[in-house]
Amino acid sequence: MEREPLIRLRGITKTYGNGQAAFQALRGIDLDIHEGEFIAVMGPSGSGKSTAMNLLGCLDVPSGGEYRFLGQHVETMSRDERALLRRHHIGFVFQGFNLLARTSALENVELPMLYRGVSQSERHKQARAALERVGLNGWEDHTPAELSGGQQQRVAIARAIVTGPALLLADEPTGNLDSERSREIMLLLQQLNTDNGITVLMVTHEPDMAEYAKRIVRFVDGHIANDTVREEVCA
Amino acid sequence: MIFNAFLLALREIRRNLMRAFLTVLGIVIGVAAVVTMVTLGNGATAMIKTQLSSLGSNLVIVVPGTRMGPGGGGTPPPNFKESDVAAILESVRGVRLVAPASSSSLTVQYMQSNLTTRVLGSTPDYFEIGNWKLANGRLFTDTEQRAARAVCVIGETVRKSLFGNSGNPLGERIRLKTQSCEVIGVLAPKGQSAMGQDQDAVVITPLKTFQRRLAGRQSQQGVGEIMTSVREGANTETVVNDIANLMRSRRNISGNEVDNFSVIDTKQIANTLSSTTQIMTALLGAVAAVSLLVGGIGIMNIMLVSVTERTREIGTRLAIGALEREVLLQFLIEAVALSSFGGAIGLALALGSSLLLTWLLNMPYLFNAQINLIAFGVSATIGVAFGFVPAKRAAQLNPIDALRHE
Ligand SMILES: Nc1ncnc2c1ncn2[C@@H]1O[C@H](COP(=O)(O)OP(=O)(O)O)[C@@H](O)[C@H]1O
Ligand SMILES: [Mg+2]
């Protein structure tokens with residue numbers, strides 16, 4: 001008997017623009033993601049990886065097909081319903097970090113909890129714990145400008161995991177980092193997956209980085225070209 | 001949710017102190033400039049109005065000669081006769097009181113002090129027509145007037161310079177030219193006239209006294225001017241015309257000859273003056289409105305410069321699960337807080353500078369609630385509009401588009 005997957009995509013399409021300028025970025029995606037997975041999404045540039053991530057993260061809606069998150073139909077949800085889904089179940093890490101400028105690491109990490117109405121003392125406690133989890137204790141009061149790229153991405157990861165999401169989405173999280181920093185970030189994501197049981201979905205076009213994932217989904221021209229579960233995971 | 005939005009807005013302000021400061025500054029300048037300028041304009045108008053009313057309202061003054069045009073090299077126009085005064089009172093309807101007056105500038109002396117001031121001879125009605133009040137002592141009577149008694153009533157400026165700050169002049173004798181004269185009354189001060197003359201620099205004697213003892217040259221003989229107060233409700237224009245016609249016939253001016261006298265209506269002067277100050281107030285207001293506009297453009301600039309950064313931040317907030325209305329509320333609170341803070345400071349600053357300037361310029365301070373409200377309203381609206389509208393647009397974007405905004 002099969003477990004209900006965390007995410008189920010069936011025949012998902014996404015078309016940008018309309019009329020003559022219409023462009024189909026996704027041409028029918030079927031994908032199941034189960035809790036506890038660590039998936040690397042690979043593929044050439046323009047193959048629709050980011051488009052798929054944005055749909056999975058409920059930041060955008062598909063043009064066609066069916067998307068279920070924990071059994072709920074996302075494609076029919078309102079804007080606010082999707083926002084609440086993001087708030088309670090999804091953490092994002094972007095290539096460009098997207099931290100608030102001139103704001104301390106601690107306050108950046110606290111931000112998602114402000115929208116959840118968590119009390120101040122609880123916010124501080126959890127934000128500190130999340131920063132410690134990503135190895136940034138002692139850096140709480142530094143603003144993004146005072147942190148290296150790798151540290152900024154750690155703050156972004158802390159912000160993504162501080163609310164204990166079911167799913168962590170990372171679109172080229174190491175795209176702006178050197179290989180040593182990238183490796184550290186990958187190890188961190190791997191630990192979050194194995195130790196904290198967070199489902200991780202990560203876009204990368206570096207095969208080295210994909211080594212850390214348990215499963216690799218390859219996109220080509222808006223299709224899933226292949227989907228392999230790896231036997232040996234890099235550690 | 002409201003509390004959270006407050007917290008978020010507060011953090012946003014603290015994060016962007018410079019932007020907040022410049023926004024507040026723009027509003028402060030706009031509000032303070034408009035309110036101060038209009039308040040000063042109103043003060044000037046009020047000041048001129050009180051000065052005009054101290055002159056006596058509804059006054060018609062008849063003087064020899066024409067006010068405008070070349071003086072001509074010929075003989076100066078003759079003064080009036082006392083019978084002219086009686087004729088006006090008798091035959092012009094709408095006239096309440098008439099007083100003849102003659103004056104000249106003379107040296108006034110008391111012990112070692114002296115000053116040159118206006119000495120005027122008239123009848124007791126003059127005080128009522130000219131809206132003079134007594135501070136001390138008494139006025140001269142009609143009997144004293146007709147008997148040409150050597151008595152006089154002095155203005156506050158004359159009292160001060162002859163008797164010192166606290167001296168009591170009643171019963172003292174002052175010297176006018178070569179004549180000695182007893183001070184029987186002191187007039188309550190009136191201050192400057194609308195034309196800037198000190199109305200209190202005056203000594204008033206009975207007309208007969210002036211004519212017999214003080215008037216020298218030919219031009220000071222007879223009656224120098226006729227002061228008339230118009231009855232409440234009477235048509236001043238008709239009174240002016242009637243007096244002019246009466247004087248033409250009494251002075252034997254035929255149909256096509258020009259008048260050798262003028263009839264001046266103070267109400268008309270008052271209207272001219274107050275419409276002048278109203279124009280001035282409007283001008284000041286216009287200048288101030290420009291500064292309001294400049295302040296507004298400043299705010300606009302600051303806000304528009306930061307739109308890209310703000311849009312991305314809003315994208316981030318939406319991505320981590322903020323609802324559109326939460327983001328809107330946060331930015332609305334921020335904009336309202338900054339604008340009303342700036343507005344309040346602006347109003348306080350305007351209050352301070354208006355009080356200071358009206359005090360320095362010796363004008364009355366008049367609080368004008370309307371202009372305070374308008375100035376506050378306009379700049380707060382600019383602040384809120386330019387703080388909030390870009391945020392509103394960003395919050396309505398797809399989170400992805402907001403994140404990618406360039
Ligand atoms: N907002 C958009 N509007 C129009 N076209 C878009 C938009 N986003 C992506 N695309 C197009 O969709 C295709 C897939 O883009 P994307 O998902 O970003 O690819 P990847 O992340 O795999 O490089 C590309 O050809 C891109 O030009
Ligand atoms: Mg991409």
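Excluded from the calculations below are hydrogen atoms, water molecules and symmetry mates; all remaining heavy atoms, backbone and side chain alike, are included. Just so you know, these numbers come straight off a predicted model, no measurement behind them.
Between B/Leu318 and A/Arg79 there is a side-chain heavy-atom pair separated by less than 4.5 Å. Side-chain contact between A/Arg87 and B/Leu323 is present, with at least one heavy-atom pair separated by less than 4.5 Å. For the pair B/Gln330/A/Leu114, no side-chain contact is recorded, criterion being any heavy-atom separation below 4.5 Å from C-beta on.
For B/Glu326, the part lying near chain A is the side chain, with the backbone staying farther off; criterion is any non-hydrogen pair under 4.5 Å. Interface remark: B/Arg404 contributes side-chain atoms only to the contact with chain A (heavy atom separation under 4.5 Å). Residue A/Gln120 does not touch chain B at all, counting heavy-atom pairs closer than 4.5 Å.
Considering all non-hydrogen atoms of both residues, B/Asn398 and A/Asp60 come closest at ND2-OD1, 3.2 Å. Among all heavy-atom pairs drawn from B/Ala322 and A/Ala83, the shortest one is O-CB, 3.9 Å. Across B/Ala319 and A/Phe94, no two heavy atoms sit closer than the pair CB-CZ, 3.9 Å. Closest non-hydrogen pair, B/Leu8 versus A/Leu111, comes out as CD2-CD1, 4.0 Å.
Atoms CZ and CE, on A/Arg102 and B/Met18 in that order, are 12.0 Å from each other to the nearest 0.5 Å. Between B/Arg11 atom CZ and A/Leu100 atom CG the span is 10.0 Å, to the nearest 0.5 Å. We find the OG1-CG distance between A/Thr103 and B/Asn16 to be 8.0 Å, quoted to the nearest 0.5 Å. Taking CZ of A/Arg116 as the reference point, atom CG of B/Asn4 lies at 12.5 Å (rounded to 0.5 Å). Distance check: A/Arg159 CZ to B/Thr316 OG1 gives 6.0 Å after rounding to the nearest 0.5 Å.
Looking at A/Asn98 and B/Arg312, their side chains never bring a donor and an acceptor atom within 3.5 Å of each other.
Within a 6.0 Å radius of OH in A/Tyr16, other residues, nucleotides and ligands contribute more than 12 heavy atoms. By the 6.0 Å contact criterion, CG on B/Asn301 is enclosed, its count of non-hydrogen atoms from other residues, nucleotides or ligands being greater than 12. Counting non-hydrogen atoms of other residues, nucleotides and ligands closer than 6.0 Å to CG of A/Asn18 gives a total of 12 or fewer. Annotation: B/Tyr365, atom OH; neighbour count of heavy atoms from other residues, nucleotides and ligands within 6.0 Å is above 12. Within 6.0 Å of CZ on B/Arg393 lie no more than 12 heavy atoms contributed by other residues, nucleotides or ligands.
Distance alone, capped at 3.5 Å, is enough to place a donor-acceptor pair between the B/Arg15 side chain and the A/Ala101 backbone.
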